[in-house]
S.K.: 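Below you will find the structure I want to go over with you.
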Amino acid sequence: MIGPDPKETTITIPLDHLVLLVPHIDDYVGEFARVTGVTPVFGGSHPGMGTKNYLVRLDSEAVSTAGNPSYLELLGLDESQPDVAPEATMFGVGRRGPDPRPALVTWAMHPADIEATAAEAAAGGVAVGTVEAWSRTAPDGSLLRWRVSMNPALPLGGLQPFLIDWGATAHPASNPALDEIRLLGLSFETPDPEALEDALTGLGVTDPPPIRFGLAPTITASLQTPSGPLELR
């Protein structure tokens, strides 16, 4: 939704990307372009997971991530994979039906050492999952390989991030075809702020974005688009 001019802040977390779940994704990207003035670029399909995505680069000047680029991922159901069970879809998004309300459902961070971060988090009681090797073919035919540590239950309503390491694969945000939106701020609302603070601390995030009490887990990204300020939740 369009909101008032957000106050610009600096994100000081190793943000890799934000995941925006959208309905009927091929149609929604046109609506996103109409509202923001930025056209998302097709990122590819997730074979066996029932989803596909489109990407928009986030302005790295507003994100202190030790040089790591970042992006907004528009994620939706892939109609070419109708046989994937809802519970087997990426993040279980199929359980929300084909026409979910657009929402930021979770986010990924890119630690300096994914193995060490996952191990330290697990030792501290953070259910981050195990590090696994993933791969898929990009639209241009190249093979993308990366490692991820993800808890499919999306702890804390998706506010606890999953971990990702692209290794030798070119980061998706480095695609020169991507248009860019400036990220001005990121914040969280949760019924249990202390639990989220503990989880982020266990993941090595020493200076987290603002965390406020709220009745439902909510991620809010304040953006500056060519069409004006925008808040995504």
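The analysis underlying the following values was restricted to heavy atoms, covering all of them including side chains, and did not include hydrogens, waters or symmetry mates. Along the sequence shown, the residues carry numbers beginning at 1.
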S.K.: To the nearest 0.5 Å, tell me how far Tyr71 OH sits from His17 NE2.
M.R.: 4.0 Å
S.K.: Enter the distance from Leu75:CG to Leu20:CG here, rounded to the nearest 0.5 Å.
M.R.: 9.0 Å
S.K.: Would Asp59 and Ile181 satisfy side chain to side chain contact (heavy atoms under 4.5 Å, CB included), going step by step from the backbone distance to the final call?
M.R.: CA-CA 6 Å; Asp59 182 357; Ile181 287 179; over 6 Å; no
S.K.: For the residue pair Gly97 and Pro100, what are the closest heavy atoms and their distance?
M.R.: O-CD, 3.4 Å
S.K.: Is any side-chain heavy atom of Leu18 closer than 4.5 Å to one of Leu58?
M.R.: yes
S.K.: I need the Leu196 CG to Thr201 OG1 distance, nearest 0.5 Å.
M.R.: 9.0 Å
S.K.: Shared ILVMFWY cluster between Ile13 and Ile164, side chains joined below 4.5 angstrom?
M.R.: no
S.K.: Check the side chains of Trp166 and Asp16 for a donor-acceptor pair under 3.5 angstrom, ignoring hydrogens and angles.
M.R.: yes
S.K.: Are the side chain of Ser135 and the backbone N or O of Arg145 linked by a donor-acceptor pair below 3.5 Å?
M.R.: no
S.K.: Taking all atoms of both residues into account, what is the closest heavy-atom pair of Ser45 and Pro47, and its distance?
M.R.: O-CD, 3.2 Å
S.K.: Going through the checks in order, is the side chain to side chain contact (heavy atoms under 4.5 Å, CB included) test met by Phe213 and Glu194?
M.R.: CA-CA 9 Å; Phe213 173 80; Glu194 185 175 351; over 6 Å; no
S.K.: Are Leu154 and Leu104 joined in one hydrophobic group, where the rule is that I, L, V, M, F, W and Y side chains link up if heavy atoms are under 4.5 Å apart?
M.R.: no
S.K.: Transitively linked via ILVMFWY side-chain contacts under 4.5 Å: Phe32 with Val105?
M.R.: no
S.K.: For Thr51, give me all partners under side chain to side chain donor-acceptor pair (under 3.5 Å), at least two apart in sequence or on another chain.
M.R.: His46
S.K.: Would you say the side chain of Thr190 lies within less than 4.5 Å of the side chain of Ile211, judging by non-hydrogen atoms?
M.R.: yes
S.K.: Using the rule that two of Ile, Leu, Val, Met, Phe, Trp, Tyr join whenever any of their side-chain heavy atoms come within less than 4.5 Å, decide whether Trp107 and Val19 are in one cluster.
M.R.: no
S.K.: Give a yes or no answer on whether the side chain of Gln81 reaches the backbone of Gly48 with a donor-acceptor pair at less than 3.5 Å.
M.R.: yes
S.K.: For a side chain to side chain contact (heavy atoms under 4.5 Å, CB included) with Asp165, tell me which candidate from Val131, Thr117, Ile114 qualifies.
M.R.: Ile114
S.K.: Taking side chain to side chain donor-acceptor pair (under 3.5 Å) as the definition, give me every residue that meets it alongside Ser187, ordered by chain and number, with sequence neighbours left out.
M.R.: Arg212
S.K.: Looking only at non-hydrogen atoms, find the nearest pair between Val128 and Ala118 and report the distance.
M.R.: CG1-O, 3.8 Å
S.K.: Who passes side chain to side chain donor-acceptor pair (under 3.5 Å) against Asp99, sequence neighbours left out?
M.R.: none
S.K.: Around atom CD of Glu132, are there more than 12 heavy atoms of other residues, nucleotides or ligands at under 6.0 Å?
M.R.: yes
S.K.: Side chains of Ser222 and Leu186, heavy atoms from C-beta outward: is any pair under 4.5 Å?
M.R.: no
S.K.: Inspect the contact between Glu231 and Arg233 and indicate whether a charged nitrogen and a carboxylate oxygen are less than 4.0 angstrom apart.
M.R.: yes
S.K.: According to salt bridge (Lys or Arg N to Asp or Glu O under 4.0 Å), who are the partners of Arg101, at least two apart in sequence or on a separate chain?
M.R.: none
S.K.: Rounded to the nearest 0.5 Å, what separates atom CZ in Arg147 from atom OG1 in Thr169?
M.R.: 11.5 Å
S.K.: Going by heavy atoms in the side chains, are Pro229 and Leu223 under 4.5 Å from each other?
M.R.: no
S.K.: State, with a plain yes or no, whether a side-chain heavy atom of Asn53 is found less than 4.5 Å away from one of Met90.
M.R.: no
S.K.: Is there a side-chain contact between Pro102 and Tyr28 (heavy atoms, below 4.5 Å)?
M.R.: yes
S.K.: Do Phe91 and Phe162 make the cut of ring centroids closer than 6.0 angstrom?
M.R.: yes
S.K.: Which residue is it: Thr220, Leu72, Ile219? I am looking for the one with a side chain to side chain contact (heavy atoms under 4.5 Å, CB included) to Leu232.
M.R.: Leu72
S.K.: Determine whether a donor-acceptor pair (N or O, by modelled atom type, separation under 3.5 Å) exists between the side chain of Thr89 and the backbone of Val93.
M.R.: yes
S.K.: Working to the nearest 0.5 angstrom, can you tell me the gap between Thr218 OG1 and Leu159 CG?
M.R.: 7.5 Å
S.K.: Counting N and O atoms only, with roles assigned by atom type, does the side chain of Ser149 sit under 3.5 Å from a partner on the main chain of Gly129, one being a donor and the other an acceptor?
M.R.: yes
S.K.: Of all the heavy-atom pairs spanning Pro226 and Gly37, show the shortest one and how long it is.
M.R.: CG-O, 4.2 Å
S.K.: Are Val205 and Leu183 linked, directly or through intermediate hydrophobic residues, by side-chain heavy-atom contacts shorter than 4.5 Å (ILVMFWY only)?
M.R.: yes
S.K.: So which heavy atom on Met109 is nearest to which on Pro111, and how close?
M.R.: O-CD, 3.2 Å
S.K.: Tell me, please, which residues at least two apart from Asp26 pass side chain to side chain donor-acceptor pair (under 3.5 Å).
M.R.: Lys52, Tyr54
S.K.: Looking only at heavy atoms, which two atoms of Pro172 and Leu55 are closest? And how far apart?
M.R.: CB-CD1, 3.8 Å
S.K.: Would you say the side chain of Val126 lies within less than 4.5 Å of the side chain of Gln160, judging by non-hydrogen atoms?
M.R.: yes
S.K.: Once you round to the nearest 0.5 Å, how far does CD of Glu197 lie from CG of Asp192?
M.R.: 9.0 Å
S.K.: Who passes salt bridge (Lys or Arg N to Asp or Glu O under 4.0 Å) against Asp78, sequence neighbours left out?
M.R.: none
S.K.: Is it true that atom CG of Leu215 has more than 12 heavy atoms of other residues, nucleotides or ligands lying nearer than 6.0 Å?
M.R.: no
S.K.: Show the numbers, then the answer: is there a side chain to side chain contact (heavy atoms under 4.5 Å, CB included) between Leu230 and Thr36?
M.R.: CA-CA 8 Å; Leu230 173 73; Thr36 67; 3.8 Å; yes
S.K.: Contact between Leu178 and Val56 at the side-chain level, heavy atoms closer than 4.5 Å - yes or no?
M.R.: no
